[in-house]
Amino acid sequence: MIVHEHRLVIGVIGNDIHVVANKVLERGLRNAGYDVCNIGVNTFPEDFIDAAVEHDADAVIVSTINGEGEDWVHSLREELTTRGLKDAFLYIGGNLAIGDQPRERVEAKFCDMGFSRAYHRPESMDIFLTDIAQDLAQ
Amino acid sequence: MIVHEHRLVIGVIGNDIHVVANKVLERGLRNAGYDVCNIGVNTFPEDFIDAAVEHDADAVIVSTINGEGEDWVHSLREELTTRGLKDAFLYIGGNLAIGDQPRERVEAKFCDMGFSRAYHRPESMDIFLTDIAQDLAQ
Amino acid sequence: MQIPSDIFIKQRETVRQSPLLAEVDAADGAAFLAQLPESRYAASAFQNRGEHPILQPRGGFALFDDQAQLTHELDVAGADFLPLTIDSHTRQNDYERAATLLEQCEERNENLLNGYPLLAHGALLTRSLFTDINKPVSLRHGTPDARVLVEAALDAGITEIEGGGICYCLPYSRSYPIDRALLNWQYIDRLCAYYSTDERRIHRESFGPLTATMVPPCMVVAIQVLELLLAAEQGVRSFSVSFSQTGSMAQDIATATALRETTQKWLDQLGYTNVDVRLVFHQWMGAFPVERIHAEALITQGAVTAALIAADKIVIKTRTEALGIPDSNSNADAVKVTKFALRLSQSLAGCTGLNTDEESAHIATAANTILENILQLRGIALWDRVASAVRTGIIDIPFAPHQENRGELWTVRDNDDAIRIADQGKVPLPESFLKREQQKLSNRQENVGLDTMLYDVMLMVRKSYL
Amino acid sequence: MQIPSDIFIKQRETVRQSPLLAEVDAADGAAFLAQLPESRYAASAFQNRGEHPILQPRGGFALFDDQAQLTHELDVAGADFLPLTIDSHTRQNDYERAATLLEQCEERNENLLNGYPLLAHGALLTRSLFTDINKPVSLRHGTPDARVLVEAALDAGITEIEGGGICYCLPYSRSYPIDRALLNWQYIDRLCAYYSTDERRIHRESFGPLTATMVPPCMVVAIQVLELLLAAEQGVRSFSVSFSQTGSMAQDIATATALRETTQKWLDQLGYTNVDVRLVFHQWMGAFPVERIHAEALITQGAVTAALIAADKIVIKTRTEALGIPDSNSNADAVKVTKFALRLSQSLAGCTGLNTDEESAHIATAANTILENILQLRGIALWDRVASAVRTGIIDIPFAPHQENRGELWTVRDNDDAIRIADQGKVPLPESFLKREQQKLSNRQENVGLDTMLYDVMLMVRKSYL
Ligand code: B12
Ligand code: B12
């Protein structure tokens, strides 16, 4: 097993208890050798920031399943910077919009909000493993 | 059992071997006390006329299931008259048209061709028992 | 007795004289078949089949291009066997009419035939339908005299031939003499056996649904065993017995067991040891629901039943069955929904033994009684005994249009929708069997009106479901 | 031990002090319930049920008028029980937020809640939803502390209460303390028993699907038995255990048998003789197919399974499950397709005994081991033992979001899609059980990537089906 020595914070934001993707992500990232702090479901922006600071995280990965994610994440990038983590990667994945909206447009919107990458209903989650490995290797 | 003493000829016209409705009709009309001559499936106009003459039929009942009935029945009324059966009732029932056409219009067309009554995809077959009993009682 | 070689060769010469077969020499046909990859052989596909029942749609269009497109679409949709369904005129040996209508179709680019006119197109052209196909093709028709048709089908590389002297005569014809139909199919069985080698067997399949209307399972089982025995006699060594969904899932499961057991019993009894017998299940073949939601539920449930009885093959219906010849879209959807449902039910394949044993023993006993009575008839051969069985009403198929079929056997549904015999007609059946049937019907009302009679036939189209 | 009357009365006084319950006096509520016709009682409906499983949809809208319309439409479509599904805020006791959002909904005539905010509307208004309804109403929610909610539901004439201390806490909440949840549900069980007379019992139902994601049947069975025993302890005498379609029909059939047997065994063992136990089956609760054709096939197959296991009730899904809160059209269609499929499969009701005995014994043995281990724990009462079982990982629900849930139990699917335990975590299980589970997985590849892991979770949404 390759140990990446990278510290990641993951969780599901908002009043959302749909945890399946989160559990899979946790297990997958651990298998890939990351040091994962999973703050679980039903979490708020502060929880992500606090955990990231506490763990000196290299990346923060936000999930949202019920489509209400957008309301919660506006200030995440700014807060990370304020709290001294301006180099941390910030990802978001899940159902990023309500209704059927084109993937590219949805993902671009989140990147504009300061996310390093965004994944709206991705067909594969393994892509994310490749992407994050690449980003962190820089 | 009421015995009507009326003689009926029934059959399915054209190159059509779908016999289910015909068998039900035969059994139903026999149960109702009629003298039924069933010429079966895959029959032609002549077969109906010949059987009607031979049995001195009070009514001729044509079925058609595959939607191609119209081509076969144009001359039935005329032939019956020619062969001395101008008072015989003439009925037709089944899938009288291809595709979804309004029932009234389809049935009217066949009545114009000399049929006493026509039944396009009827919801009930018992209605016909009532109708024919009434017609023959006149 | 198997038709002796010399006689068969002579019969064949006569058949092959048909100008419709002239474009391919018999030897060429044989050579073409022999060089086909194993994947094109139905018998091999059965032997290599995986967990799921093999999935086979129906389908036939007049025009070559339409048929080629349908073939391609069904292939892509995931059909395991591809169909070639023949038009009615060819079935009734009215080859000229089929050819004329085909010409008109081509001129007007319209579809005036309810199937593919194989003999009008010819075997050579038909081969090219399947050039890029790596799956077996099944000939589906309904022809009492299919000798020329089957010759052409084999010439074209079709390796599965549906039909039989009983099943393709009584439900499909009004007056084709049953004895002649049986002899025609004896020829076809002999021909299929003649073309079969140890590795490459031409597969035969009987058509168990018959009229698909209120046929009691014991009669289906008896007829399936007879057609298997008739084929085995001619040397056929790969054969499918079949039946269709009856409306009672429990009765279907029982029928599958009875069919398997009875088949084995009679093969053993008559000493046929080298026949690979397969079980084919047809999704509901009777009057079909018009509403999409019901049609698709029925199709799904048929697939679950096929999985439960571990059928070797399932022949599928489409949601537009009640409306007219299905287009390729609804055909592809039918493949899709069936495939998914089979997948959902795959775990059932090993789960035989649902407690329908009483019912299956019941069916088997009755079928055996019918079969024993037929084998005791006087006659010069099995086909001859079968023909007299039809004439005397020992074989009797409800709702068959055929004039030699007695039509005295009458069936109704019990409270669980199972088909029960209300009037045995001339069919010999054990007392105990009839008693149980009556018991099952004890709280059924008498059929008087036409609508109550239709109530059973129209099981899937009852107004109460709307 | 049953909560003693005096203590219960005191507890209740506190609960009833909630201003949200002020509009109905407890005695009025009792009187209202008592005068409802028997047809409104779930427990009676179970006792009088006919051949088919009782059919129950889900459904909750924010606005009264929408809910009234949904109720009417489901009634007309043929639902046997009507649902009242509660919104998330009410579930999390955030009554104020639910009320505020309801006001906004009313102003803007929009639906901002994912269920019916019963406490915001109040019991009196809610009664009028069902004035013209002659069927039982079932409360569907997911609330760890449902004391006030259930009081209001009973005031409103609802006679079936879904939930339980384990099943409505671990899958539905991140941090609500499990011991408090168990105590809250002890109160609710006691309340339901208090309101039950010999003829009119308030029916309780557990939620066996849990996270609906890879939960092994033995864990479901153990939890169902525990919630039944907890309710029986408080005097509940009409109770449903439940589970959901897992993706392996054979495993579902085995689970039903194991669930029935294990339930009976423990009721006998602990001397509860007067509890009417029912079996409820949920159509597939996991990630749902997006495509209509697959969604409907899945729903149909769930109905066949319900018929096969002779479920007392089936809780249905709609074809739009993957897309969002179902509208009443797709809800009505779901009722229709399920009804038809149940009808098609009714003959199976008597057909128990599919040879899944080995599997069901396997499940039962494991469930019994879990239960025995829990009953041997130290603790002041059953609820207390259950709470420690959760904390120590004896009870462990895969994919539960709850922080007290260990999450060490890990499951994967075998070749027939049955759910098998790959890592037992802290769950005590017999050696022989684990060995058989491993055997079943012998030719399964290791899960490494995320997609292979999701492959099992996404059983019904795999790309290979498209
Ligand atoms: C299982 C399930 C449940 C389980 C959840 C168990 C649990 N604790 O997780 C239970 C039964 C408890 C449940 C409860 C509820 N549920 Co629910 N549930 C589902 C269901 C059927 C499947 C969800 C699931 O697990 N999918 C599988 C996972 C793997 O997929 P996923 O979550 O979509 O994640 C994918 C992507 O988002 C992505 N992803 C996620 N994060 C990340 C991160 C990165 C970096 C990347 C790259 C990708 C990524 O990867 C995954 C794979 O593609 C869906 C409907 C459906 N989809 O079929 C409804 C659904 C999500 N639920 C819904 C609702 C409303 C609820 C309830 C409120 C129910 C109610 N009214 O009764 C409650 C929730 C209460 C609450 N407080 O939140 C709605 C949401 C409606 C909406 N907003 O549009 C849905 C759509 C159902 C419906 N049609 O009504 N539910
Ligand atoms: C059962 C069936 C068969 C059985 C027939 C057994 C038999 N001998 O009867 C078998 C399997 C043998 C069969 C064969 C074929 N069939 Co077919 N068959 C059906 C099916 C599924 C049901 C028909 C049925 O029995 N309905 C029940 C009876 C009771 O209803 P009915 O016939 O519609 O009659 C009603 C009315 O018409 C009316 N009625 C009839 N007569 C009268 C008279 C009076 C006075 C009154 C009042 C009322 C009345 O009352 C009845 C009750 O409402 C239908 C599709 C469907 N509807 O679901 C296809 C169908 C009719 N068949 C069809 C075809 C094409 C064929 C074949 C050519 C197949 C082929 N290409 O492979 C062959 C026929 C060969 C030939 N030479 O004719 C097509 C017809 C296409 C078209 N023209 O639109 C259909 C629509 C299927 C399809 N979608 O392709 N078939």
Side-chain angles (χ1 to χ4, degrees), chain C residues 51 78 245-254 284 289 291-305 307-308 319 332-357 359 414-418 459-460 462 464-466, chain D residues 51 78 245-254 284 289 291-305 307-308 319 332-334 336-357 359 413-418 459-460 462 464-466:
Chain C
E51 270 192 283
Q245 212 174 341
T246 58
S248 161
M249 204 166 162
Q251 195 171 39
D252 291 343
I253 296 164
W284 177 261
E291 259 205 285
R292 177 187 174 132
I293 230 177
H294 288 165
E296 271 171 355
L298 183 54
I299 287 171
T300 302
Q301 201 239 12
V304 177
T305 306
L308 198 57
R319 62 176 144 78
D333 275 0
V335 171
K336 218 155 138 183
V337 71
T338 302
K339 230 182 159 65
F340 189 67
L342 288 176
R343 185 71 179 60
L344 291 179
S345 316
Q346 69 165 14
S347 60
L348 294 175
C351 295
T352 49
L354 204 67
N355 70 352
T356 53
D357 293 354
E359 180 70 20
D414 71 12
N415 283 340
D416 278 337
D417 293 335
L459 179 65
M460 298 301 168
R462 290 188 190 156
S464 57
Y465 296 149
L466 298 181
Chain D
E51 269 192 286
Q245 213 175 341
T246 59
S248 161
M249 205 166 160
Q251 194 171 41
D252 292 343
I253 296 163
W284 178 260
E291 260 204 282
R292 179 186 172 133
I293 231 178
H294 287 165
E296 270 169 358
L298 183 54
I299 288 170
T300 301
Q301 200 239 13
V304 177
T305 306
L308 197 58
R319 63 177 144 78
D333 274 0
K336 218 155 137 184
V337 72
T338 302
K339 234 184 156 65
F340 189 66
L342 288 175
R343 184 69 179 64
L344 291 180
S345 316
Q346 70 166 14
S347 61
L348 294 175
C351 294
T352 48
L354 204 67
N355 69 352
T356 52
D357 291 355
E359 180 70 21
R413 293 187 184 275
D414 70 14
N415 284 339
D416 278 336
D417 294 335
L459 180 65
M460 298 302 168
R462 290 187 191 159
S464 57
Y465 297 150
L466 297 181

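Within every chain, numbering begins at 1; the chains are lettered A, B, ... in the order of the sequence lines, protein sequences first and strands thereafter.
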Checklist outcome for this item: CD1 of D:Ile293 to CD of C:Glu296, rounded to nearest 0.5 Å, is 4.5 Å

Next on the checklist: D:Thr305: which residues meet the side-chain hydrogen bond (donor to acceptor under 3.5 Å, both in side chains) condition with it, sequence neighbours left out?
Outcome noted: none

Checklist entry - Heavy-atom distance under 4.5 Å to chain C: side chain of D:Leu298, backbone, both or neither? => result both

Checklist entry - With C:Thr338, which residues qualify under side-chain hydrogen bond (donor to acceptor under 3.5 Å, both in side chains), at least two apart? => result C:Gln283

Checklist entry - Can you name the nearest heavy-atom pair linking C:Ala297 to D:Thr300, along with the distance? => result O-CG2, 3.6 Å

Checklist entry - Can you name the nearest heavy-atom pair linking C:Phe340 to D:Met460, along with the distance? => result CZ-SD, 4.0 Å

Checklist outcome for this item: Cut-off 4.5 Å, heavy atoms of chain C, and the answer for D:Asn415 is backbone

Item to check | Nearest-0.5 Å distance that lies between atom CG in D:Asp333 and atom CZ in C:Arg292 | outcome: 10.5 Å

